[in-house]
Enquirer: 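Encoded as C-alpha cells, here's the structure I'll be asking about.
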Amino acid sequence: MTESEAHRKGLFAATLGALVGVIPPFGAEPEGATMHALRDELARSMAELRMDGMPAPYFIAYTVVDADTIETGASFGALLPTTESRSRRLQVELRVGEPAFDNTNYRDRSFLPTRAQTRTLPLADDYQEIRRQTWLATDAAYKQALEMLAKKRAVLQNETRSEDVADFHAQEPSSHFEEPDTSALPVAEVRDLVRQASSVFVDMPLVYNSTVNATLSNRHITYVNSEGTAFTRSDPHAAVWVRARTQAEDGAVVDDFAAVHGRHWDEVDRDGLLASAREVGENVAARRAAPDLTRYTGPVLVTGQAAAELFAQAVMPRLLGKRAPDMTPQFRRFGASRNPFLDKLGGRVLPRLLTVVDDPTIAAADGFLGGFPVDDDGVPAAPTTLVERGILRTLLSTRNPVPGVDASTGNRRGAGPLPSNLLVTTARGLAPADLNEEFAQLVAEWGTEYGVVVHRLGNPSVSQDGASTARMIVLGASQETSVEGVTLAYKVFADGRRELIRNAEFTALSEAAFKDIVAVSEAPNVYTMSYDASDFPSFSFSGVPAPGTPRITISIPDLLFEELTLRKPSENIPRPPVAGHPYFDDERG
C-alpha cells in the first residue's frame with residue numbers, strides 16, 4: 001500500500017466516523033436537506049470515486065452558498081435599475097495525489113487559475129436534486145483534478161522544486177453551526193436612501209457625474225469536507241458607495257468616493273452617509289480649480305482614511321501567504337512574482353514602534369466588521385500576530401503552505417488568505433498637536449518650502465467606469481508598489497497656511513518607506529473596506545464590489561513618513577466636454 005493510499009484510507013475511515021456514524025435519518029436531520037445530501041454524497045465519493053489505474057481523491061470539500069441580494073442605485077436623485085436575486089451555488093474542492101504533491105497550485109499557459117467546479121442548486125431543499133448536482137460536479141472535478149495532476153507532473157518531472165513545500169496541510173476536524181438569517185431585505189428603504197443621498201449632488205453643478213450604489217446580501221454558507229469538518233455560517237453585509245467626478249477647465253479628471261458598511265441594513269449610518277455624500281461633492285468641486293502638485297519629495301503626513309488605504313494597498317498584499325504557481329519554464333517568467341515578504345520572515349519590515357495583529361474574534365458591535373467564527377476551510381478563528389515591534393513574524397495563510405508558514409492561520413476567505421480585523425498598534429503614539437509639531441520640525445530639517453498632508457486616497461475596487469483600475473500590484477524585482485491616486489491633500493507651509501492639491505500620485509513607493517515611519521498618532525482610525533485579492537475580482541453591474549465580497553476593517557494610526565515622493569498624475573488628460581454643463585447654462589441664463 002502506497003503512502004497516498006494509506007493516507008486516503010485513513011481519511012475515509014475518519015470520514016465515515018465523523019459523517020455517516022452521526023447522521024440521523026433524513027427526516028430528522030437538524031441541519032437540513034442540503035447538509036444531509038452533501039454528507040451522503042461525500043461519503044460515497046470518498047468510498048467509490050476512482051478511475052482504473054488512476055489515483056482516488058484524498059480530499060473533497062463541498063461549499064454551498066445561499067444568497068439573497070439587492071443591488072440598486074441612484075444618480076442626481078433619479079433611481080437606477082434595481083436587481084433582486086436569490087441563488088444557491090455549490091463549489092467542489094477535490095484533491096488527488098497526496099498532500100506533499102497534488103493537483104493544485106498549477107497553471108497552464110493561459111496563466112489562469114484552475115477553474116473550480118461549481119453548480120447551481122435548486123432553491124428548494126430537494127435532497128435528491130442536490131445530491132444529483134453534487135454528484136455531477138464531483139465527477140467533473142475529479143476528471144479535471146486528474147488532468148491537472150498529469151500536467152503538473154509532466155512540467156516538474158525534469159526539475160527539482162527550489163523549495164520543498166507541501167501542497168496541503170492537515171487540519172484537525174472542527175464544527176460550527178449557525179442558523180440562517182431569514183429576514184427580508186428592505187428594498188424600499190434602500191431605494192429611498194440612495195435616492196436621497198444622490199439628491200445631494202443636484203445642488204452641485206460643478207459635479208459632472210455622481211452615483212450612489214447600494215448592495216445588500218444575506219449569505220448562508222454550508223460546508224463539509226472528507227476530514228470531518230462541517231460548518232454553517234451566516235454572512236450578511238450591507239454597503240453603500242458614493243462616487244463623484246468632474247473635469248477641470250484643462251480636462252483633468254477629479255474624483256472621489258466614500259463608503260459606508262454594516263453587517264445588516266439597520267447598521268448603516270444614514271446621517272453619516274448623507275454627510276459623506278456632501279463632503280465628496282464639495283471636495284470634488286473645490287479641487288477642480290486647485291493646482292496640481294508638480295513634484296514633491298520630503299516629509300508626508302498620511303492621516304485618516306488615507307493611512308488605512310495606503311497600508312491596505314501597499315503593505316497588506318505582502319502579508320498574505322500566497323505561493324507563485326507551478327508553470328512551464330517558458331511561461332514561468334510571466335506568472336505571479338514571488339512575495340518579497342517570504343524572504344523577510346524574522347526581519348524588520350516596519351518601524352519598531354508598530355505591531356500588526358489580525359483578529360477575526362473582535363465583535364462586530366465594536367465597529368469591526370471583518371470578523372468570523374471559522375474561515376472558509378472551517379478553521380476556527382484566532383488572533384495572529386503578523387508584525388511584532390516592526391519584525392515580521394508570520395504571514396496570513398490557508399491550508400496551502402508557503403515557505404516558512406506551514407499551518408493555516410484560519411484566514412481563508414474565498415480563493416486565498418485575507419485579513420479580517422487588522423490592528424496596527426503602537427505604544428508610542430503622539431497627541432495631535434505633538435504629531436503636527438513633529439511634522440513641522442521634520443519639514444524644517446528638510447528645508448522644503450512646505451510639507452504635504454494626505455487625507456484621502458482612491459480605492460482600486462471602486463471605479464467610475466464600471467471596472468477595476470487594477471493598479472494594486474507589486475512589481476517583482478523593483479519591489480515598487482503602485483497605489484491609487486490621492487483624492488484629498490494639502491501643502492502645509494511654515495506659517496500654517498494650507499493649499500489644496502488638485503491631483504497627485506505616489507511614486508517610487510517601496511517597502512523601505514514604511515520602515516522609515518518616524519511617528520504615529522496615539523488615536524487610531526477605524527476604516528472598513530471591501531477587498532477581493534483574487535486574480536479576477538468580481539464587480540456588480542454598477543462597478544462597485546459585488547455582493548459577498550469580503551470586508552476588512554483596519555484600525556491604524558496616522559503615519560508620518562520621513563520621505564515620500566508625490567507627483568502630478570502621469571496619465572494623459574482627456575478633453576473636457578464640448579458643450580457646457582447644463583447647470584452652467586441655467587445659471588448664466
Enquirer: Main chain of R389, side chain of T355: is a donor-acceptor contact present, judged purely on distance under 3.5 Å?
Expert: yes

Enquirer: Start with the C-alpha distance between H261 and S530, add both sets of side-chain angles, then the distance that settles side chain to side chain contact (heavy atoms under 4.5 Å, CB included), and finish with yes or no.
Expert: CA-CA 9 Å; H261 296 264; S530 295; 3.4 Å; yes

Enquirer: Under 3.5 Å, is there a donor-acceptor pair between the side chain of D68 and the main chain of N218?
Expert: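 Not a single qualifying donor-acceptor pair exists.
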
Enquirer: Quick check: closest heavy atoms across L345 and G404, and the distance to 0.1 Å?
Expert: CD1-CA, 4.0 Å

Enquirer: Kindly indicate whether the side chain of E484, heavy atoms from C-beta on, has any atom under 4.5 Å from the side chain of Q313.
Expert: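 Yes, at least one pair of side-chain atoms sits under 4.5 Å.
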
Enquirer: If I take atom CG from residue D125 and atom CD1 from residue I130, how far apart are they, to the nearest 0.5 angstrom?
Expert: 5.5 Å

Enquirer: Rounded to the nearest 0.5 Å, what separation is found between the OG atom of S420 and the CG atom of D359?
Expert: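 Nearest 0.5 Å value for the OG-CG distance: 6.5 Å.
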
Enquirer: When you check the gap from the basic side-chain N to the acidic O, do R233 and E178 get nearer than 4.0 Å?
Expert: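 Looking at R233 and E178, the cut-off is not met.
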
Enquirer: Distance from D40 atom CG to W135 atom CH2, nearest 0.5 Å?
Expert: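 Here the rounded value is 16.0 Å.
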
Enquirer: Between F168 and F59 (judged by ring centroids, cut-off 6.0 Å), do the two rings come close enough to count as a pair?
Expert: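 Ring centres of F59 and F168 closer than 6.0 Å.
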
Enquirer: Does N411 use its side chain to pair, donor to acceptor, with the backbone of L418 at less than 3.5 Å?
Expert: yes

Enquirer: Can you confirm whether P99 sits close enough to Y58 that some side-chain heavy atom of one is under 4.5 Å from a side-chain heavy atom of the other?
Expert: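 With C-beta onward as the side chain, the pair touches.
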
Enquirer: Under the salt bridge (Lys or Arg N to Asp or Glu O under 4.0 Å) test, which residues partner R132, sequence neighbours left out?
Expert: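 Checked R132 against salt bridge (Lys or Arg N to Asp or Glu O under 4.0 Å); matches are E129.
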
Enquirer: Which pairs with one or both residues in residues 135-145 pass salt bridge (Lys or Arg N to Asp or Glu O under 4.0 Å), sequence neighbours excluded?
Expert: D139-K143

Enquirer: Closer than 3.5 angstrom, by distance alone: can the side chain of R413 be matched with the main-chain N or O of R551 as a donor-acceptor pair?
Expert: yes

Enquirer: Going by the rule salt bridge (Lys or Arg N to Asp or Glu O under 4.0 Å), which residues pair with D377 if we only count those two or more places apart in sequence or in a different chain?
Expert: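 D377 satisfies salt bridge (Lys or Arg N to Asp or Glu O under 4.0 Å) with R412 once adjacent residues are dropped.
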
Enquirer: Step by step, work out the salt bridge (Lys or Arg N to Asp or Glu O under 4.0 Å) result for R86 and D66.
Expert: CA-CA 8 Å; R86 292 188 61 200; D66 289 89; over 6 Å; no

Enquirer: Measuring only between side-chain heavy atoms, which start at C-beta, is V402 closer than 4.5 Å to V165?
Expert: no

Enquirer: R153: what forms a salt bridge (Lys or Arg N to Asp or Glu O under 4.0 Å) with it, not counting sequence neighbours?
Expert: none

Enquirer: Would you check, one step at a time, whether the test side chain to side chain contact (heavy atoms under 4.5 Å, CB included) holds for L396 with D358?
Expert: CA-CA 8 Å; L396 297 178; D358 183 73; 3.9 Å; yes

Enquirer: What do the steps show when you test I362 against T553 for side chain to side chain contact (heavy atoms under 4.5 Å, CB included), and what is the final call?
Expert: CA-CA 10 Å; I362 301 177; T553 296; over 6 Å; no

Enquirer: Side chains of F177 and M35, heavy atoms from C-beta outward: is any pair under 4.5 Å?
Expert: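 Sidechains of M35 and F177: in contact.
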
Enquirer: Where is the tightest heavy-atom contact between V96 and A145, given as atom of each residue plus distance?
Expert: CG2-O, 3.7 Å

Enquirer: Could you measure the distance from the CE atom of M529 to the CG atom of N459? Nearest 0.5 Å is fine.
Expert: 6.0 Å

Enquirer: Under the criterion side chain to side chain contact (heavy atoms under 4.5 Å, CB included), I'd like the reasoning laid out for R89 against R119: C-alpha separation, chi angles, the key distance, then a yes or no.
Expert: CA-CA 6 Å; R89 299 217 26 112; R119 287 268 170 171; over 6 Å; no

Enquirer: For I552 versus P419, what's the shortest heavy-atom pair and its separation?
Expert: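 Looking at all heavy atoms of both residues, the closest pair is CG1-O, 3.6 Å.
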
Enquirer: Is D376 reaching over with its side chain to a backbone N or O of G414, donor-acceptor style, under 3.5 angstrom?
Expert: yes

Enquirer: Mind listing the closest non-hydrogen atom pair of V190 and A214 along with its distance?
Expert: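 Heavy atoms only, the tightest pair is CG1-CB, 3.6 Å.
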
Enquirer: Of the non-hydrogen atoms in L395 and L342, which two are nearest, and what is the gap between them?
Expert: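 For L395 and L342, the tightest heavy-atom pair comes out as CD1-CD2, 3.5 Å.
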
Enquirer: Check whether the ring centres of H237 and W265 lie less than 6.0 Å apart, and answer yes or no.
Expert: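 No, the ring centres sit 6.0 Å or more apart.
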
Enquirer: Do V387 and R393 have side chains that approach each other closer than 4.5 Å (heavy atoms only, starting at C-beta)?
Expert: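 No, every pair of side-chain atoms sits at 4.5 Å or beyond.
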
Enquirer: Does a side-chain N-to-carboxylate-O contact under 4.0 Å join R348 and E388?
Expert: no

Enquirer: Is it true that D167 and K152 make a salt bridge, defined as a side-chain N closer than 4.0 Å to a carboxylate O?
Expert: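 Result for this pair is yes, salt bridge flagged.
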
Enquirer: Looking at T134, is its backbone amide N or carbonyl O close enough to the side chain of T138 to form a donor-acceptor pair, meaning the two atoms are under 3.5 Å apart?
Expert: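 Present.
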
Enquirer: For G410 and V379, work out which heavy atoms get closest and say how close.
Expert: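 That closest heavy-atom pairing would be CA-CG1, 3.7 Å.
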
Enquirer: With a 3.5 Å distance limit and no angle check, can you tell me whether T72 reaches the backbone of T215 through a side-chain donor-acceptor pair?
Expert: no

Enquirer: Taking side chain as C-beta onward, heavy atoms only, is L38 less than 4.5 Å from V64?
Expert: yes

Enquirer: Taking it one step at a time, do R323 and N339 satisfy side chain to side chain donor-acceptor pair (under 3.5 Å)?
Expert: CA-CA 8 Å; R323 282 167 60 180; N339 181 354; over 6 Å; no

Enquirer: Return the set of residues passing ring-ring contact (aromatic ring centres under 6.0 Å, His included) with Y527 (not counting sequence neighbours), or none when no residue passes.
Expert: none

Enquirer: With heavy-atom distances below 4.5 Å as the criterion, would you say the side chains of S408 and H169 are in contact?
Expert: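 When only atoms from C-beta onward are counted, H169 and S408 do not touch, as no gap falls below 4.5 Å.
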
Enquirer: Under a 3.5 Å distance rule, please check whether T549 uses its side chain to pair with a backbone N or O of A546 as donor and acceptor.
Expert: yes

Enquirer: In chain order, what residues pass the salt bridge (Lys or Arg N to Asp or Glu O under 4.0 Å) check against R95, with sequence neighbours excluded?
Expert: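 R95 satisfies salt bridge (Lys or Arg N to Asp or Glu O under 4.0 Å) with E93, D102 once adjacent residues are dropped.
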
Enquirer: Would K151 count as a cation-pi partner of Y106, with NZ or CZ less than 6.0 Å from the six-membered ring centre and within 45° of the ring normal?
Expert: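 No; the conditions do not both hold, so K151 does not lie above the ring face of Y106.
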
Enquirer: Can a salt bridge be assigned to the pair R131 and D126 using a cut-off of 4.0 Å between side-chain N and carboxylate O?
Expert: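 Salt bridge flag = no for D126 with R131.
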
Enquirer: Verify, without hydrogens or angle tests, whether S174 (side chain) and G378 (backbone) share a donor-acceptor contact under 3.5 angstrom.
Expert: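 Between the backbone of G378 and the side chain of S174 there is a qualifying donor-acceptor contact (under 3.5 Å).
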
Enquirer: Please answer whether the main-chain N or O of G416 pairs with a side-chain N or O of T398 as donor and acceptor at a distance below 3.5 Å.
Expert: no

Enquirer: Say you draw a straight line from CG of N225 to CG of L94; how long is it, rounded to the nearest 0.5 Å?
Expert: 12.0 Å

Enquirer: Can you find a pair of side-chain heavy atoms, one from N103 and one from L146, that are under 4.5 Å apart?
Expert: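 No; the side chains remain at least 4.5 Å from each other.
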
Enquirer: Would T69 and S85 count as a side chain to side chain donor-acceptor pair (under 3.5 Å) if you check the C-alpha gap in whole Å, the side-chain angles of each, and the deciding distance to 0.1 Å?
Expert: CA-CA 5 Å; T69 63; S85 64; 2.5 Å; yes

Enquirer: To the nearest 0.5 Å, what is the distance between CE on M316 and CG on L386?
Expert: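 Rounded to the nearest 0.5 Å, the CE-CG separation comes to 11.0 Å.
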
